[in-house]
Structure formats: C-alpha cells, structure tokens
Amino acid sequence: MRLTKITGTLAAVALAAALAGCGDDGGGGTDVKVADNPEFEAGSTMATLADAGEITIGVKYDQPGLGFLAPGADAPEGFDVEMGRIVAAALGISDDGITWKQTVSDNREPFLKDGTVDLVVASYSITDDRRTEVGQAGPYYETGQQLLVRTEDADSITTPEDTAGKKVCSVTGSTSLQRMEDEYGASPVPYDTYSECVDQLINGTVDAVTTDGAILLGYAADHPDEIEVVGEPFSTERYGIGFKHGDQAMCDFLKETLQTSFDDGTWAEAFDTTLGESGVDAPSTPTLDDACFTG
Ligand code: GLU
C-alpha cells in the first residue's frame, strides 16, 4: 500500500511537519456528525451504550498519526481515534461522552474481556487467533510490517533477513514480535510499547525496531536525522475494531458503521487529517470481512 512505501528523510520531515500541524489541544479531530437518538434493539450493547451516552474506547497513546496523546492535551488524536469517534457518533455519543483508555498491545484482549473498555481501536491487526478471544470488525485499514533503523545502518539492514543475529525490538503481544520470533533469525527484544523500542534504537541498545509501517513512519517523522524506515513491507496487517467475543449485533453494527464511513467520505476525511497529512492520498477503502469471530 502506498503509505508504507514512503521511506527516507524527506517523507519523515513531511510527516513531522504535518503531524505538528494536527494541533495538540485534544479537542480537534474531524467534524463527525453525531446521530440524533439512534434506535437499537432493546438489551443490545449498542442500546446500553446509547442510553448511557457514554463509551470507553481503548487506543494507543504513543503512536503519532494513529493514537497519540500530545503533552498537555486532554484527549488523544490520530486515525484510530477518529475511527473511535465515528463509531461513538453512530451511537449518538459525542466527544464529551467518550472516555479514552490507554491500551498497549498486550492488554487489548484482557481489556475487552474484563470490560475495562467497550471497544479497542489500537492498530489492532485482525488474526484468526485473536478472533477466538474477541470480536474484530474490519478491516478499516491495511498496512504491513517494516523495519526502522538508525540512519547509518539504512544501507546494511533493509530486509528482515538482514536482522539475523541482531537485536530487534518489538512489543509483547504484537503480531510483529511473534513474526520476528517465528520466522527470522533475529534476537527479539520485547518491550511494552514501540516508543520504548524507539528510545532503545536511538541510544544504540538495539539494532532495529519492527512493526507496522504506519506506526514506524510516525516515529521516523519525530527523529528525521537519526532513524528511518527501510525496505518493503513483509506482512499484511489488517486493522480491525475489537469488541466482546460473540456479540453478533455489535459485529453487524460496526460493519454497517464502517461501510457508511467508507461510502460517505468520513473515513477518507479521518485518514486525510491524520496519517494522510504526510501528503499521501487516502488508500482505497478496504473490503470488510463478513465475520468478526472464529471459534
Ligand atoms: N498491528 C500489529 C498488532 O496488532 C502490530 C502493532 C501493534 O502492536 O499494535 O499486533
């Protein structure tokens, strides 16, 4: 996909400038139209949330462009955050009724299962394994795993095979770490968050960071002289919205809400004002999976 193909310092600088322009007051975001008293079947999760006028959504706080809480801001921003706002709005819930909850890769399933959050919108790849534990509606976005390295190594480490015997940082509970452990000869170094991995890369403790290109580009943009995204994507990551396993009515509602956002331009606007601020056109709309569960 086009976004993950942007590499190098120029793109990083463009994205940095663009993300800086997103504002840090926490009250930003696109103009999402909040539904006026939408009707849901009595007893459904949607009816409960709509009646309460409140929803708790798990997002990342340290991934620029996707889910990011700027210093001093009172709400996170990014493409995932916008998708969360779109779903809340379809429930008749405005920004005031949304509680954002910081989520890291490893607590997404536990948070959904124990009710800490109602939904997860957090660079959350759809996988068959995850769909046995939680529901995942989507995809609403596709990216692919790539490598982030120090600029001086950008010619010597360009493929996952080049990481054999090297220290590669990724995050516990992610598809990225799992793939490095299963498929390549690198020494994986696990952390809780990608921002911690980036710190380790910059201070020289690890040789590379690996995860989705969409995530890595945000970090490269923050440190354009020190680190860069290299090589081609070597996986396909399809982002979905997580919810409680077995809630078929929620699956149907999320699919309908996502499809409407694809059709009416809300999704494209959400992309354009977040990840797309790098100057990249919005990717074409993905095709939604029929099912949200396995098992
Ligand atoms: N999208 C991948 C995943 O869901 C990697 C990014 C992340 O850890 O959030 O595991």
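Numbering of ligands and ligand atoms starts at 1, following listing order. All values reported here derive from a predicted model rather than from experimental measurement.
Proximity of Thr143 to ligand 1 is not established, as no heavy-atom distance is less than 4.0 Å. Judged by the shortest distance from any of its heavy atoms, Thr211 lies inside the 4.0 Å radius around the atoms of ligand 1. The closest approach between any non-hydrogen atom of Arg130 and ligand 1 is below 4.0 Å. By the 4.0 Å heavy-atom criterion, Lys60 is counted among the residues contacting ligand 1. For Arg108, the closest heavy-atom approach to ligand 1 falls below 4.0 Å.
At a heavy-atom distance under 4.0 Å, no atom of Val171 approaches ligand 1. With a heavy-atom cut-off of 4.0 Å, Ser176 touches ligand 1 through its side chain alone. Counting heavy atoms closer than 4.0 Å to ligand 1, residue Gln145 contributes nothing at all. Proximity of Ser105 to ligand 1, defined as any heavy-atom pair under 4.0 Å, is confined to the side chain (atoms from C-beta onward).
Residues Ile202 and Ile227 meet the side-chain proximity criterion, which asks for heavy atoms closer than 4.5 Å.
Close approach to Ser174 involves these atoms of ligand 1, each under 4.0 Å from a residue heavy atom: 8 (O), 10 (O). Here is the list of ligand 1 atoms found below 4.0 Å of a heavy atom in Tyr124: 4 (O). Annotation for ligand 1: atoms under 4.0 Å from non-hydrogen atoms of Thr175 are 2 (C), 3 (C), 5 (C), 10 (O). The atoms of ligand 1 that sit less than 4.0 Å from any heavy atom of Ala122 are 9 (O). The distance from ligand 1 to the heavy atoms of Tyr239 drops below 4.0 Å at these ligand atoms: 1 (N). Taking a cut-off of under 4.0 Å to the non-hydrogen atoms of Asp212, the atoms of ligand 1 that pass are 1 (N), 2 (C), 5 (C), 6 (C). Each of the following atoms of ligand 1 lies closer than 4.0 Å to a heavy atom of Ile215: 6 (C).
In summary, Asp289 and Arg131 engage in a salt bridge, as defined by a charged side-chain N under 4.0 Å from a carboxylate O. Salt bridge annotation for Asp182-Arg179: absent, with no cationic side-chain nitrogen under 4.0 angstrom from a carboxylate oxygen. With salt bridges taken as basic N to acidic carboxylate O contacts below 4.0 Å, none links Lys60 and Asp80.
Between Phe253 and Phe40, the gap from one ring centroid to the other is short of 6.0 Å.
Atom CG of residue Asp212 and atom CD of residue Gln146 lie 9.0 Å apart, to the nearest 0.5 angstrom.
In terms of hydrophobic clustering, with Ile, Leu, Val, Met, Phe, Trp and Tyr side chains grouped at heavy-atom distances under 4.5 Å, Ile215 and Phe68 are assigned to different clusters.
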Verdict with supporting geometry, Lys244 and Leu112, side chain to side chain contact (heavy atoms under 4.5 Å, CB included): CA-CA 6 Å; Lys244 268 235 162 79; Leu112 286 168; 5.5 Å; no

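By the 6.0 Å contact criterion, CG on Asp155 is open, its count of non-hydrogen atoms from other residues, nucleotides or ligands being 12 or less.
Of the N or O atoms in Tyr194, one or more lie within a sub-3.5 Å distance of an N or O in ligand 1.
Ring orientation note: the planes of Tyr141 and Phe271 are tilted relative to one another, at an angle of 30° to 60°.
In terms of modelled atom types and a separation under 3.5 Å, the side chain of Ser105 and the main chain of Ser174 share no donor-acceptor contact.
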